[in-house]
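Chain letters run A, B, ... following the sequence lines, proteins first, then strands; residues in each count from 1.
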Amino acid sequence: MWELIYILNLVGTVVFAISGALTASDYEMDGFGAVVIAFITALGGGTIRDLLLDSHPVGWMGDTNYLYAVLLAVLLSYLFKRWIVSLRRTMFLFDTIGIGLFAVLGTQKALGFEMSYSIAMMMGVVSAVFGGVIRDILVGRVPLIFRKEIYATACLAGAALYLILIQFSLPDYLTLIIPIVCIMIIRLLAVKYEWSLPGIK
Amino acid sequence: MWELIYILNLVGTVVFAISGALTASDYEMDGFGAVVIAFITALGGGTIRDLLLDSHPVGWMGDTNYLYAVLLAVLLSYLFKRWIVSLRRTMFLFDTIGIGLFAVLGTQKALGFEMSYSIAMMMGVVSAVFGGVIRDILVGRVPLIFRKEIYATACLAGAALYLILIQFSLPDYLTLIIPIVCIMIIRLLAVKYEWSLPGIK
Amino acid sequence: MWELIYILNLVGTVVFAISGALTASDYEMDGFGAVVIAFITALGGGTIRDLLLDSHPVGWMGDTNYLYAVLLAVLLSYLFKRWIVSLRRTMFLFDTIGIGLFAVLGTQKALGFEMSYSIAMMMGVVSAVFGGVIRDILVGRVPLIFRKEIYATACLAGAALYLILIQFSLPDYLTLIIPIVCIMIIRLLAVKYEWSLPGIK
């Protein structure tokens, strides 16, 4: 079970990092820029979460596999860019798995630091979406997430569902998987039916 | 006394958060964007101060009332936008109280972490103004504070005055209130007479 | 030896801060903006490194000389702007010394926190280049380093060389100076021959 989560975490990191490397490529950055943007897209959210929680070593600093996952992702993006772009649907699916996973695991981690439920939910959302926010700032565009999809809201709903499920004595894997799947479904439906949140008019 | 400071802190948070939510609205962000921008405007400066000082839990992570203050502010901005905009003068007054309060309390907190006077003053300024700096970066504009008003300078003057006053055995409330009022007066005069700092030509 | 490193560190801080102040001037910021940009250019990279490593007090918070070095730099930029601009070559040389020094000392510091070699190298690069990244974001341009020079790659090579040299029982000063000189040479050659890294096409 925990091994599966660990592997999914690394896969999520690779997918997030590929999306970062492709963004860097869209902005005509060099190889160094691509690594930095890929790294921050994949691991920036978790880093902010860990700094806020005072959790040290920060995830990727204590386990070099995350760094290798990012480097692998950039290498794949260099070698197979055209092929990867043609896989947009598959990539989107893994991206959605990654977001769900990061949101739920982030919430779980914050609870371990005795945070209240509302702060734990925030930490879940931060883990899942802030990497993308920093990426957008670095390439000089207003963060997509402030304008599009109900991406973050899906994470929030999943985190809330997780906090409800831990009240029951369900098996661990169900407590984790149900909210992850819930986040995935909301996001897929949101994209399909073009749901969006209202703004302040 | 401390209860009054706590309440003023929350009121300052609400006012800062409303100004953040209105900014998000100017940039046509959705509800999620509005909450994030409001949150960061109100609590970003204090968060950076606490991370730099290694003060954990970070203010709003240990007291959920700050989060509720932000959510309330966003709700108010949704419901009463037109009315709030018509209150610009009142809002500006509370904003100025908030800045003065955050600057002086930030300085005080840094002293508690055995920082030197010059670093403590910096922490005061960071508490008061960096939320606005991050807000501006997130919406993609060069931080206003680098171009306009002598806003930060007022905070610096107030922090310095606070450091002078603690040398004397004045009652606590005077030591706090005199520099806050001083910051307010400088800022109000600066806006009225359009004072500004010279740049490097 | 350590005194020399300390002095070079302060000189590097002054030079980085001057380049920050001149950038602020290019963007027509006021004096406060100039101090903030100068400060962040010079000390931002080391601050991020220290926060990631959980090293407290953060460098400049425990030694006020760094703050004074920044203020001196801004003052010099105000008083002698024309003269400093005419010294671009000398400034560039000191900037290169500063980068080499920050990269190697950052790597060394990370090793003291029991980081793996790959993470230590990252911390070296972060120390040397992230101040400039934040400066660019604050003035609203895409970080130069993602597009130009093989600046960061030079730091990476120097950090790697340092990690090789510490395997041998060389005198301390050689272990530090050889990689610093190596970073300087790569950068100077890179600028002279306009080397650059390929991007993802």
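- For C/L79, no part lies near chain B; criterion is any non-hydrogen pair under 4.5 Å.
- At a threshold of 4.5 Å between non-hydrogen side-chain atoms, the residues B/F113 and C/P57 do not count as touching.
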Note to self: What verdict does the side chain to side chain contact (heavy atoms under 4.5 Å, CB included) test give for C/F32 and B/L156, after you've listed the backbone C-alpha separation in whole Å, the side-chain angles of each residue and the deciding distance to 0.1 Å?
What the structure shows: CA-CA 10 Å; C/F32 172 75; B/L156 211 54; over 6 Å; no
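- Counting heavy atoms from C-beta on, the side chains of C/D30 and B/T153 never come closer than 4.5 Å.
- In this structure, C/M61 and B/M122 have side chains that are not in contact, with every pair of non-hydrogen atoms separated by 4.5 Å or more.
- When all heavy atoms of C/V139 and B/V142 are compared, the closest pair comes out as O-CG2, 3.5 Å.
- The two residues B/L52 and C/H56 come nearest to each other via the heavy atoms O-ND1, 3.6 Å.
- For C/D54, the part lying near chain B is the side chain, with the backbone staying farther off; criterion is any non-hydrogen pair under 4.5 Å.
- For chain B, the option among C/D50, C/T64, C/V58, C/T47 with the highest count of heavy-atom pairs below 4.5 Å is C/T64.
- Within a 6.0 Å radius of CD in B/E3, other residues, nucleotides and ligands contribute 12 heavy atoms or fewer.
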Note to self: Set out, in order, the CA-CA distance, both residues' side-chain angles and the distance that settles side chain to side chain contact (heavy atoms under 4.5 Å, CB included) for B/V133 and C/V36, then state yes or no.
What the structure shows: CA-CA 11 Å; B/V133 170; C/V36 173; over 6 Å; no
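- Heavy-atom distances place no part of B/Y117 under 4.5 Å from chain C, backbone and side chain included.
- Across every non-hydrogen atom of B/L51 and C/L51, the tightest pair is O-CD2, 3.4 Å.
- Only the side chain of B/I137 comes within contact range of chain C, judged by heavy atoms closer than 4.5 Å.
- When heavy atoms are compared at a cutoff of 4.5 Å, C/L67 approaches chain B solely by way of its side chain, counted from C-beta outward.
- Counting non-hydrogen atoms of other residues, nucleotides and ligands closer than 6.0 Å to OH of B/Y6 gives a total above 12.
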